[in-house]
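Values reported hereafter were calculated over all heavy atoms of this structure, with side chains retained and with hydrogens, waters and symmetry mates removed.
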Amino acid sequence: MSQSYKVIFENNRKWVESKITDNPDFFHDLAKNQQPDYLYIGCSDSRVTAEELMGAKPGDVFVHRNIANIVNTLDMSSTAVIQYAVEHLRVKHIIVCGHYNCGGVKAAMTPEDLGLLNPWLRNIRDVYRLHQTELDDIEDEDTRYDRLVELNVQEQCINVVKMACVQERYILEEFPVVHGWVFDLRTGKIIDLEIDFEKILKDIQKIYNLTSSNWVMSRKK
């Protein structure tokens, strides 16, 4: 067994000791329940860890990660996570977080047959198609790559808003609110793309309203 594998368990032992030293009831309290305010949907990249970059503690963030932070309605994993977070955990914020230098986004920009990855990466290629004019006008390849990362986050936020469970809870409680972030690996900073959640709701209502009500326009009257 490799030494690096054994180190994980030694690190865990030290972590447990430190938590108990600070608070003897830490794990007793942790085991009771979870009531996170945030659902974080991010990339599986090993360099982008949700809790660490947010400065969050165990129990603060419900996390789902996949290649290139995709929200695909045919992906039961991501949709189940969102529905559970919205209906049962009653999160107040849903964050879709991409990151610059994303391997998944870069692969989607490469004209190459990638086998089993092709259907997944097609989601990102579709984002490129939707924004092709803007992206093709960017001459610098790295800048174009960064912009596709941002646009992918934006489109995945829209996919979250399309979900019935998100729409229905927002009617009743004005939560959850959807946010789009990009993590810059080069600086360590989170960039808020300032997604206009209410505008997205209004823009998609004609086609994606799953609530049988004119809820976006009428809820504040």
Side-chain angles (χ1 to χ4, degrees), residues 37-43 62-98 102 104-105 108-109 117-138 144 146-182 191-221:
D37 283 338
Y38 301 94
L39 165 61
Y40 173 100
I41 302 169
C43 183
F62 196 58
V63 177
H64 176 76
R65 297 169 68 183
N66 61 42
I67 294 174
N69 42 274
I70 296 295
V71 178
N72 185 326
T73 54
L74 297 179
D75 171 31
M76 292 297 292
S77 179
S78 61
T79 54
V81 166
I82 293 169
Q83 184 160 347
Y84 183 79
V86 170
E87 294 184 354
H88 298 279
L89 299 179
R90 310 192 72 76
V91 296
K92 292 182 170 61
H93 303 274
I94 299 176
I95 298 159
V96 179
C97 185
C102 177
V105 173
M109 293 178 68
L117 281 173
N118 287 336
W120 191 260
L121 296 178
R122 190 175 298 127
N123 295 284
I124 308 169
R125 291 181 174 131
D126 285 342
V127 174
Y128 198 120
R129 177 177 55 80
L130 290 170
H131 300 275
Q132 184 173 359
T133 300
E134 176 187 348
L135 290 165
D136 285 351
D137 284 342
I138 301 173
R144 189 187 315 124
D146 284 353
R147 183 57 180 152
L148 181 55
V149 167
E150 296 169 353
L151 291 170
N152 182 52
V153 168
Q154 176 182 300
E155 292 299 327
Q156 304 317 315
C157 286
I158 293 172
N159 287 340
V160 173
V161 179
K162 291 174 185 176
M163 292 184 62
C165 61
V166 175
Q167 295 180 15
E168 289 166 355
R169 184 166 171 232
Y170 192 76
I171 296 173
L172 299 174
E173 302 178 27
E174 298 190 14
F175 286 109
V177 176
V178 179
H179 308 272
W181 293 358
V182 173
I191 300 166
D192 188 345
L193 298 180
E194 299 182 358
I195 299 295
D196 191 335
F197 178 59
E198 290 233 348
K199 183 177 186 302
I200 293 173
L201 289 172
K202 292 175 183 178
D203 288 347
I204 71 170
Q205 184 180 17
K206 181 177 180 180
I207 300 173
Y208 297 102
N209 180 7
L210 303 178
T211 64
S212 301
S213 66
N214 191 27
W215 56 277
V216 173
M217 303 304 294
S218 64
R219 69 179 178 81
K220 290 186 177 179
K221 292 181 180 179

Exercise for the section: Indicate the atoms forming the closest heavy-atom contact of Val153 with Cys97, along with that distance. Expected result: CG2-C, 4.4 Å

Completion exercise
side-chain contact (heavy atoms from CB on, under 4.5 Å) test vs Val160 passes for just one of Thr79, Ile195, Ile82, namely Ile82

Handout entry: Parallel, tilted or perpendicular, as decided by the 30° and 60° cut-offs, for the rings of Phe197 and Tyr170
Key = perpendicular

Exercise for the section: Kindly indicate whether the side chain of Asn152, heavy atoms from C-beta on, has any atom under 4.5 Å from the side chain of Val96. Expected result: no

Handout entry: Which atom of Ala108 lies closest to which atom of Arg125, heavy atoms considered
Key = O-NE, 3.0 Å

Fill in the blank from the handout: For Val86 and Cys165, the nearest pair of non-hydrogen atoms, with its separation, is CG1-O, 3.5 Å

Completion exercise
All heavy atoms of Cys43 vs all of Ala68, minimum pair found to be SG-N, 3.5 Å

Exercise for the section: Anything under 30° is parallel, anything over 60° is perpendicular, the rest tilted; go ahead and classify Tyr84 against Phe62. Expected result: tilted

Practice task
Please tell me if the side chains of Val149 and Val182 come closer than 4.5 Å, counting only heavy atoms from C-beta onward.
Solution key: yes

Problem - Any side-chain heavy-atom pair of Ile158 and Asp203 under 4.5 Å - result: no

Exercise for the section: Mark yes or no for whether Arg65, through its side chain, and Gly42, through its backbone, hold a donor-acceptor pair below 3.5 Å. Expected result: no

Practice task
Find the distance between CD1 (Ile41) and OG (Ser78) and round it off to the nearest 0.5 Å.
Solution key: 7.0 Å

Problem - Whether Arg90 side chain and Pro176 backbone form a donor-acceptor pair below 3.5 Å - result: no

Handout entry: Side chains of His131 and Val127 in contact at under 4.5 Å (non-hydrogen atoms)
Key = yes

Handout entry: Check: Leu193 main-chain N/O paired with Trp181 side-chain donor or acceptor under 3.5 Å
Key = no

Exercise for the section: Kindly indicate whether the side chain of His179, heavy atoms from C-beta on, has any atom under 4.5 Å from the side chain of His93. Expected result: yes

Handout entry: Heavy-atom side-chain proximity of Tyr38 to Val63 below 4.5 angstrom
Key = no

Practice task
Would you give the length of the straight line joining atom CG of Asp196 to atom NZ of Lys202, rounded to the nearest 0.5 angstrom?
Solution key: 8.5 Å

Exercise for the section: Rounded to the nearest 0.5 Å, what's the gap from CD1 on Ile70 to NE2 on His64? Could you check? Expected result: 10.0 Å

Practice task
Could you grab the distance from atom CG of Asn66 to atom CG of Asp75, nearest 0.5 Å is fine?
Solution key: 6.5 Å

Exercise for the section: Quick one: closest heavy-atom pair of Phe175 and Lys92, and the distance? Expected result: CD2-O, 3.2 Å

Handout entry: Arg147/Glu134 ion pair, N-O < 4.0 Å
Key = yes

Exercise for the section: Give the C-alpha distance, both sets of side-chain angles, the deciding distance and a yes or no for side-chain contact (heavy atoms from CB on, under 4.5 Å) between Ile124 and Leu148. Expected result: CA-CA 8 Å; Ile124 308 169; Leu148 181 55; 4.3 Å; yes

Exercise for the section: Say whether His88 and Gln83, considering side chains only, have a donor N or O and an acceptor N or O under 3.5 Å apart. Expected result: no

Exercise for the section: Provide the closest heavy-atom pair for Gln156 versus Asn69 in the form atom of the first, atom of the second, distance. Expected result: CG-O, 3.3 Å

Practice task
Measure the shortest side-chain to side-chain distance between Lys162 and Thr73 over non-hydrogen atoms and say whether it is less than 4.5 angstrom.
Solution key: no

Handout entry: Side-chain touch Ile95/Leu39, heavy atoms, less than 4.5 angstrom
Key = no

Handout entry: Donor-acceptor contact present, side-chain Asn123 to main-chain Trp120, <3.5 Å
Key = yes

